[in-house]
Structures are given as C-alpha cells and as structure tokens.
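Predicted, not measured: the structure shown is a model, and the values here were computed from it. Residue numbering restarts at 1 for every chain, and letters A, B, ... go by the order of the sequence lines.
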Amino acid sequence: MLRDKYCAEVKEEEVGKEIKLCGWVFRRRDHGGLIFVDLRDRSGIMQIVFSPEISKETHEKAHELRTEYVISIIGTLRRRPEGTENPEIPTGNLELYAKELEILSQSKPLPFQIDETEEISELLRLKHRYLDLRRPQMQQNFLVRHRATMAIRNFLNDNGFLEIETPMLTKSTPEGARDFLVPSRLNPGTFYALPQSPQLFKQILMMSGFDRYFQIVRCFRDEDLRADRQPEFTQIDMEMSFIEIQDIIDVIEEMLFNCFKKVLDIELSIPFKKLTYDEAINKYGSDKPDLRFGLEIEDVTALVKRSQFKIFLETIEKGGVVKAITGKGFASFSRGEIDKLVQKAQSFGAKGLAWIKIKNGFESPILKFFSEELIKEIAQKIKAEEGDMILFIADELKKANEILGKLRLDIANTSKIERKGFQFAWIIDFPLFEWDDEEKRFVSMHHPFTSPKEEDLDTLLNISPEAFKNPLSPLKEIKAKAYDIVLNGYELGGGSIRIHRADVQEKIFKVLGLVEEETKKRFGFFIEALKYGAPPHGGIALGLDRLVMLMTGADSLRDVIAFPKTQKAYCPLSEAPSEIDTKQLKELHIKLDV
RNA sequence: GGGGUGGUAGUUCAGCACGGUUAGAACGCUUGCCUGUCACGCAAGAGGCCGCGGGUUCAAGUCCCGUCCACCCCGCCA
C-alpha cells in the first residue's frame, strides 16, 4: 500500500506516530515560511504542514504543489497548537508534519474549481466528470447510492429473493416507450431492442418456479428527457409467486424502512398511506401527489350552483364541474401578478381562472355574482383564510383536476410552503385501460400483463368486440390490480399482480387491438409459457436513481448517476452518440438516410 | 414537436431596455513577498471570435432574423 489509511481515519491517539497518506491537494496556503496543504481523499481532509525546520528539502519541494496534484506524504502526526484548531472539519485538531513529499501526479490548471463555491454549468461538469465527481457533495451522493443499493440487496437476499440476470439484447415489443435498437450482424435486417424493463423475463422466471426474483437492472427508454428521466436508468426489479397485492406492499415497505434506517438513520412511518387513483386525482389532480403539504382540491360545484356566475353555471349545465383551491397568501397579489397567474393556468390548459381575494372582506371581478354567505362557505371548504385567494377552475372533471393539480404544485412553490421529510403513499385501484384518443383504442394504463380486479373479470371476458372501439364502454370502468408507490410527488415505482391465465391474457391483447398474428409474433413465446402451469404472481419495479435522488436531496437524476446524458441524450465526456465507419454499417447491412 | 430561461476572460457573473472612447468585477492562473493559515494575506501581471451565421446602421456585446448548445416545462414516457 502506498498509504497507511484515509485522511479522516487518522485519530488523536496516534499523535506522535509517523503516518503515510496519499491524496489530492485540495487547497494550499503558502506562507513562504510555513506551507499548509489540505490533503483530500474520499474520506475527508487532513492538514499537512511543510516547515523548513522539519525538512528544508521537502519544504522547498512543497512550493511546487498546485491544486489537484496527487501526492504522497510521510510525516509525524501532531496536535495543532492551541488556538489554531479548525472546528469546521472532523480532523481539525490534528495536522501532519511532512518529512517526505512525493508528487505522484501533476495537474493542469482546472477548467473549474471543485471547491463548491459556485454553480458550474452542467455541460462543463459532465465534460470533466472526473473532476466534478471529486467534489465532496458528489462523493456523498454516490456513497448514499452505494449504501442504499447494498441495503436493498441484502434485505432482498435475507428475504429469500434470488438475483437473476435477464438479457440486455432482447425483443422489441409494441406498447409502452420507444425502444433503443441494436442491429444484428448475424441476422441481417433484424434488430434486438434494449429492455424497457425485464417484464416478460421476470414473469417467465416465476413460471420457471424461482418464486422470488429480484434484479438491480439497467433499463432503456428512448423518450424525451427530464430532470427525473434519463434514457438509461436503474430499476430495483422484483417478482413474487403465490402472493396478493398486500404481500408486495408489505415487502416494499419493510425494504424501504430498512433502507432509510440503515442509510439515513430515518425511521419511516409504515404502513404508508393508501390512496385510490380516483382519490388522488380528485384531491391532488395527480396520480403522483406530493403529500408533504395540504392545499387539497375541492369540488365546489354544488355550492357555486347557488351563484349567478354564468360561466360556472354553463359549465355545470354541460356536465362539467367547478373545483377550487387556495392560493396561500395570494391576496397581496397585484393586478399584474394575477394576470401572470391566469396565464399560467392557461398554459396548463385552463380556459380561464376565476379568483376571489380574501382581504378585508372579499375582492374579485365576479364578486357581484356571489352572496357573501356563499363565498364564506366556499372559503371554509378549501380552508382559505384572510390573506389567501380562492382560485376556481370550471371545466370537465378530468381537465379541472389536471389543471388544479399543476396549480397546486405551483402555489406550493411560489408561496414557499414548507415541504420536508419523506411522504410515501401507495396509489391503488388504477383503471386497467385508458382511452387513447389519437389511436382511437384502449391502451393499458400500466402494461398489458396487468391483471384486472377479480370483480371485473367477467365484464372483461364477456365484453363484445364493439366495445373495444367505444371510449364510453364498460372497459373504462375496469380496475386493475396495479399499484404505484409515490414519494414527495415523484413516481418511485409501480407494479401489478399479473395475468397468469392464457385466456385472460389473450383477451387483453384483443381489447388493445393487437391482431392475433401480431400477438403471436410479439408475445407468442410468452403466451405459450403461460400454458404450461403459470403460478399466480406479481411484482414491482422501483426507480433506484429517483430513490437516491430523493434520499440525497439532489434536484436532478444527473447528480446521482455517475455518467449521465444531457437533455439531448448526449454524453459530453465520451461524446456519444457518434458517427461510425461505413465498414461497420456495411457489416450490419444498414444504409443511412439522413 | 411546442413554450420558457440562458450563452460575454479558465469559472461565476455585470454590461444589453436607451447602439457610440480602450468590454468590467470576483474567483482561478502566473510572478514576487510572507512561520499558524484554513475560501490565508499583500503587491504586480497575463488572460476576450461577447455561442455561430446573416441582416439593419456611419457604427452592434447591445436592435432584428435564423441557427446551435445547455437547463426547466408541456407533449411523449411509468
């Protein structure tokens, strides 16, 4: 070993001993006479002192040191002289008096300082990711990521789960996200797809009798990126046999409890809250509500019926609703600020935004249409108080919820409502299907292998083909044995009890409008497998990156993925994707058309 | 595909509304001084295709059009 230990592992008991340390020059303070260097490794910092009284030669050499040089030091550990301790760092009572200095590696002047005093553009950080990752905050993020992963892996191992790998070169499937494709050289004109998830394979593992499977696995989706979406990401993928929804919920709650306890020493309160999909949508306007604050959306249709406001009455007449939310502290808004708010609502799809200020009485352009009594009742319903503003959206139910859901998050941001802690929730009772207006057919809300709820099974099996094309058919009422887990407004994961009957599975494909031939081509192997004794089974997948992002308080997935991509799915470090040789293209029988 | 914000020394930013001398600051870098600093201090210095292309103008970092890149959001995506 080139060193005895990590910088921050040096303890006071070793004062007087000779110690060898290695690391990077974090900061140097050259006084001419004395030179101080903060030596950094992944554990922390140790102050090195170069004094001509210890070694003239070493002191001389230390003048050459620059930021991020990699050095090795042999020196004597000393307690710092009284009054010169640094309480800011864990090793602040100690320092190493350098006898010998070896420069192991030099560094050019840095493209940016790595001392976290200013925010550096992400492009530059990613281009020099090796420097960015040296920053203590990033080191911390990846320590948390490692610990969380290990806690989860150990937990699952302790609970009888087998980690089994599934193929990366697999088959493209319709439905769901766009695939990343890989051309097959040995089979000209054909392509593998990188997995969007190991869905079919993990189900087949259940049919293979493994009973409890997990995998911490990379998944790929070729869709547009967001702060919480990368083209490749890691899932904690699980599947279990002979279980019901509650069994999965129990395992995951215990797993997360264990993970938060071990990594952050936080005791989550389990069981987590359960909300039905309908409740979530109606109260929070989202199927991934942020439950760290209230500001619930309320239906005030019945109340505003008593008003004279035409727009509301007409909307209700047409079967729509009027829903309201509190603009916390918004009564102080100027006319201009209100205009901006209205514009924002419109950008969320609202036709308009009606408002009533509660400020020494009420203030609103539509005040004359409401009795004072009525406004008070509405205010009470949405818990609006003096200083707040009542915000109304009148529209069809789905749109009203959606718009108010977005406004709710926006209000929380602008009024700086405190959002702390980790608020988990399960969203259950999802619809099995969702009408796709573009394709004029039903699509799976979760995925096509999701089991309907028992009580809806007959409806599904007996439904006639005409219903497949009718957005109002009973199909839209069928509920799925699907569940999402939500944390602080992020969808952390989702899963379902799967279909283990070939007839049910085939019926689903029919509803989805997949012709038999197509089904056979795409999923034939899977349906065939279902016919040889498939156990009832179900599972879930959690986004590891998102989990770690929330655990570390990072605001982007990019801060918890070592080598992430930009919004255009570009890697500034390796410069992927890139053009390739014509020779390679020829081997693959691919001609470009760009 | 659409909307928004940004792009000026190595870095983070100011300058742009109202076009006009030699484009500034801080940090970093270089050199010198400094024996208890810890974001050390002091002094001097180097460092700019004002993202790129076009246009308007006597004159463009500043105005207009286009384009590229980064970030945030919608669509898309579990």
Side-chain angles (χ1 to χ4, degrees), chain A residues 26-39 45-54 59 63 66-68 78 80-89 91-92 95 97 107-128 131 175-179 196-197 199 219-231 233 235 287-288 343-344 346-349 402 406 409-410 413 427 430 434 436 438 443-447 450 482-486 490-496 540-543 546 555-556 558 565-568 570 572:
Chain A
F26 191 46
R27 272 191 272 264
R28 70 197 162 97
R29 295 176 290 279
D30 187 339
H31 290 221
L34 280 181
I35 299 171
F36 299 95
V37 163
D38 288 339
L39 186 70
I45 279 168
M46 173 58 64
Q47 174 165 282
I48 313 294
V49 184
F50 295 95
S51 164
E53 287 159 22
I54 303 292
H59 177 260
H63 282 297
R66 294 293 180 272
T67 310
E68 295 307 302
R78 293 201 192 168
R80 293 197 192 181
E82 196 149 343
T84 67
E85 300 92 347
N86 183 355
E88 305 289 320
I89 57 173
T91 57
E95 59 191 11
Y97 262 62
S107 170
K108 295 204 294 182
L110 301 175
F112 56 88
Q113 287 157 257
I114 65 173
D115 61 4
E116 311 194 310
T117 50
E118 42 193 29
E119 291 261 315
I120 311 299
S121 91
E122 288 213 40
L123 185 63
L124 200 63
R125 287 175 54 196
L126 294 183
K127 198 168 173 176
H128 303 278
L131 297 177
E175 304 288 297
R178 212 172 279 122
D179 290 313
Q196 295 177 26
S197 87
Q199 187 59 36
C219 301
F220 305 86
R221 288 175 193 162
D222 188 7
E223 295 292 346
D224 286 1
L225 277 45
R226 288 282 192 287
D228 64 341
R229 271 161 34 189
Q230 280 278 307
F233 58 97
Q235 283 197 343
D287 60 359
K288 44 178 180 173
Q343 273 170 27
K344 198 169 272 168
Q346 282 166 340
S347 78
F348 296 152
E402 198 182 302
K406 285 175 186 164
L409 293 177
D410 197 69
N413 281 333
I427 310 298
F430 277 86
E434 201 176 16
D436 185 325
E438 222 159 87
V443 295
S444 293
M445 187 133 186
H446 186 64
H447 57 51
T450 301
Y483 34 84
D484 272 2
I485 183 166
V486 167
Y490 288 90
E491 183 196 325
L492 195 59
S496 62
I540 191 166
L542 303 190
R546 278 188 194 168
D555 5 78
S556 156
R558 294 183 298 274
K565 308 239 179 334
T566 68
Q567 201 160 49
K568 287 201 67 183
Y570 171 71

Visitor: Could you state the CD1-P distance from A:I35 to B:C38, rounded to the nearest angstrom?
Guide: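 From A:I35 CD1 to B:C38 P: 16 Å.
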Visitor: Just jot down the salt bridge (charged side-chain N to carboxylate O under 4.0 Å, His left out) partners of A:E491, sequence neighbours excluded, or say none.
Guide: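 In terms of salt bridge (charged side-chain N to carboxylate O under 4.0 Å, His left out), with neighbours along the sequence ignored, A:E491 is linked to no residue.
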Visitor: Listed by chain and number, what are the ring-ring contact (aromatic ring centres under 6.0 Å, His included) partners of A:Y483, not counting sequence neighbours?
Guide: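 Residues passing ring-ring contact (aromatic ring centres under 6.0 Å, His included) with A:Y483: none at all.
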Visitor: Counting distance only, does the side-chain N/O of A:R66 pair as donor-acceptor with the main-chain N or O of A:P109 below 3.5 Å?
Guide: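 Judged by distance alone, no pair lies under 3.5 Å.
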Visitor: Expressed as a whole number of angstroms, how long is the span from A:K568:NZ to B:C72:C1'?
Guide: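 Value for this atom pair: 17 Å.
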Visitor: Can you see which heavy atom on A:S51 is nearest to which on A:L34, and at what distance?
Guide: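 Looking at all heavy atoms of both residues, the closest pair is CB-CD2, 3.5 Å.
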Visitor: Can you tell me the pairing partner of B:G41 across any strand shown, Watson-Crick or G-U wobble, with both distances under 3.5 angstrom?
Guide: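 By the stated definition (distances under 3.5 Å), B:C33 pairs with B:G41.
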Visitor: Any idea which heavy atoms bring A:L131 and A:P111 closest together, and the distance?
Guide: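 It is CD1-CD, 3.5 Å.
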Visitor: What residues form a side-chain hydrogen bond (donor to acceptor under 3.5 Å, both in side chains) with A:N413, not counting sequence neighbours?
Guide: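 A:N413 satisfies side-chain hydrogen bond (donor to acceptor under 3.5 Å, both in side chains) with A:R419 only.
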Visitor: B:C38, B:U12, B:U11: which one has an atom nearest the side-chain heavy atoms of A:N86?
Guide: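 Closest nucleotide to the A:N86 side chain: B:C38.
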Visitor: Scan every strand shown for a Watson-Crick or G-U wobble partner of B:A26, both distances under 3.5 Å, and answer none if you come up empty.
Guide: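 B:A26 is paired, partner B:U11.
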Visitor: Tell me whether A:H31 is stacked on the nucleobase of B:U37, counting only the six-membered base ring and applying the 5.5 Å and 30° thresholds.
Guide: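 A:H31 vs B:U37: stacking no.
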Visitor: Among the candidates B:G10, B:U37, B:C71, find the nucleotide nearest to the side-chain atoms of A:P111.
Guide: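 Nearest to the side-chain atoms of A:P111, counting from C-beta on, is B:G10.
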Visitor: Under 4.5 Å between any side-chain heavy atoms of A:K406 and A:S347, yes or no?
Guide: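 Not touching, per the 4.5 Å side-chain cut-off.
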Visitor: Of all heavy-atom pairs between A:T566 and A:L225, which one has the smallest distance, and what is that distance?
Guide: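 Distance-wise, the nearest heavy atoms are O-CD2, 2.8 Å.
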Visitor: Taking B:A43 as the reference, what is the distance to B:C18 when you measure between their P atoms (whole Å, please)?
Guide: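 So the two P atoms sit 41 Å from each other.
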Visitor: Using the P atom on both, measure B:G32 against B:U37 and round to a whole Å.
Guide: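 So the two P atoms sit 24 Å from each other.
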Visitor: Would A:F112 count as stacking on B:U11 if stacking means ring centres less than 5.5 angstrom apart and planes tilted under 30 degrees?
Guide: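 It does not: the ring fails the test against the base of B:U11.
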Visitor: What pairs with A:H31 under side-chain hydrogen bond (donor to acceptor under 3.5 Å, both in side chains), at least two apart in sequence or on another chain?
Guide: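 By the side-chain hydrogen bond (donor to acceptor under 3.5 Å, both in side chains) rule, A:H31 matches no residue at all.
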Visitor: Suppose you measure atom P in B:C38 against the same atom in B:A17; what distance do you get, rounded to whole Å?
Guide: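 After rounding to an integer number of Å, I get 43 Å for this pair.
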Visitor: How is A:R125 classified with respect to the nucleic acid when contacts are heavy atoms under 4.0 Å: base, sugar-phosphate, or nothing?
Guide: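 No contact at all - A:R125 keeps every heavy atom at 4.0 Å or more from the nucleic acid.
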Visitor: A:I89 CD1 to B:U37 C1': how many Å, rounded?
Guide: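 Rounded to whole Å, this separation is 12 Å.
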Visitor: How would you summarise protein contacts on nucleotides 73-78 of chain B per nucleotide, using B for base, S for sugar-phosphate only and - for none, with heavy-atom distances below 4.0 Å?
Guide: SBBBBB
Visitor: For residues A:S197 and A:C219, report the shortest heavy-atom separation together with the two atoms involved.
Guide: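 Looks like CA-SG, 3.8 Å.
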Visitor: With a 4.0 Å limit, can you tell me whether A:S121 has a side-chain N or O closer than that to the phosphate oxygens OP1/OP2 of B:A70?
Guide: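 Answer is no, no contact under 4.0 Å.
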Visitor: At under 4.0 Å between heavy atoms, what does A:L124 touch on the DNA or RNA strands: base, sugar-phosphate, or nothing?
Guide: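 Touches sugar-phosphate only.
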Visitor: Reckon A:D222 touches a base, only the sugar-phosphate, or nothing at all at heavy-atom distances under 4.0 Å?
Guide: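 Here A:D222 touches no strand at all.
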Visitor: Please report the distance separating the C1' of B:C40 from the corresponding atom of B:G61, rounded so that it comes out in whole Å.
Guide: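 Going atom to atom, C1' in each nucleotide, I get 37 Å.
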Visitor: Paired with B:C63 by Watson-Crick or G-U wobble geometry, both distances under 3.5 Å: which nucleotide is it?
Guide: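 B:C63 is paired with B:G55.
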Visitor: How far, in whole Å, is B:G10 from B:U30 if one measures between their P atoms?
Guide: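 After rounding to an integer number of Å, I get 15 Å for this pair.
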Visitor: When rounded to the nearest Å, what value does the distance between C1' atoms of B:U21 and B:G2 take?
Guide: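 That atom pair is separated by 45 Å.
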Visitor: Give the nucleotide from the list B:C38, B:C34, B:C71 with an atom nearest to the side chain of A:R29.
Guide: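 Looking only at side-chain atoms, A:R29 lies closest to B:C38.
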Visitor: Nearest-Å distance, OH (A:Y570) to P (B:C71)?
Guide: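 Distance check: A:Y570 OH to B:C71 P gives 12 Å.
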Visitor: P atom, B:U22 versus B:A26: distance in rounded Å?
Guide: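 Per the computed distance, 23 Å lies between those P atoms.
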Visitor: Classify A:E53 by what it touches in the nucleic acid, base, sugar-phosphate, or nothing, heavy-atom distance under 4.0 Å.
Guide: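 Since a base atom lies under 4.0 Å of A:E53, the category is base.
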Visitor: Could you let me know what B:U5 is paired to, Watson-Crick or G-U wobble, both distances under 3.5 Å, or none if it's on its own?
Guide: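 By the stated definition (distances under 3.5 Å), B:A70 pairs with B:U5.
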Visitor: Under a 3.5 Å cut-off for both contacts, is B:C77 paired Watson-Crick or G-U wobble with anything, and if yes, with which nucleotide?
Guide: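 Base partner found: none.
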Visitor: Can you name the atoms? Protein N/O to nucleotides 24-29 of chain B N/O, anything below 3.5 Å, with the distance.
Guide:
| residue | atom | partner | partner atom | Å |
| --- | --- | --- | --- | --- |
| B:C27 | O2' | A:Q113 | OE1 | 3.1 |
| B:C27 | O2' | A:Q113 | NE2 | 2.8 |
| B:G28 | O4' | A:Q113 | OE1 | 3.2 |

Visitor: Check whether more than 12 heavy atoms from other residues, nucleotides or ligands sit under 6.0 Å from atom NZ of A:K565, and answer yes or no.
Guide: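 Correct, the count exceeds 12.
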Visitor: Toward the 5' end of RNA chain B, which comes first, A:E95 or A:L126, by nearest nucleotide?
Guide: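 That would be A:E95.
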Visitor: To the nearest Å, give me how far apart CD (A:Q346) and C1' (B:G2) are.
Guide: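 Rounded to the whole Å, the gap is 17 Å.
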Visitor: Rounded to whole angstrom units, what separation is found between the CD atom of A:Q47 and the P atom of B:U37?
Guide: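 Taking CD of A:Q47 and P of B:U37, I get 10 Å after rounding.
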Visitor: Round to a whole Å and report the spacing from NE2 of A:H63 to C1' of B:G32.
Guide: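 Computing the A:H63:NE2 to B:G32:C1' distance gives 12 Å.
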Visitor: Distance between the C1' atoms of B:G1 and B:G48, in whole angstroms?
Guide: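 My reading of the C1' atoms in B:G1 and B:G48 gives 37 Å.
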Visitor: Within the distance-only criterion (no hydrogens, no angle test), does the side chain of A:R546 pair as donor or acceptor with the backbone N or O of A:L492 below 3.5 angstrom?
Guide: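 Side chain of A:R546 to backbone of A:L492: no pair is present.
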Visitor: Let me know the distance between CD of A:E82 and C1' of B:U37, rounded to the nearest Å.
Guide: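 Spelled out: CD on A:E82 to C1' on B:U37 is 17 Å.
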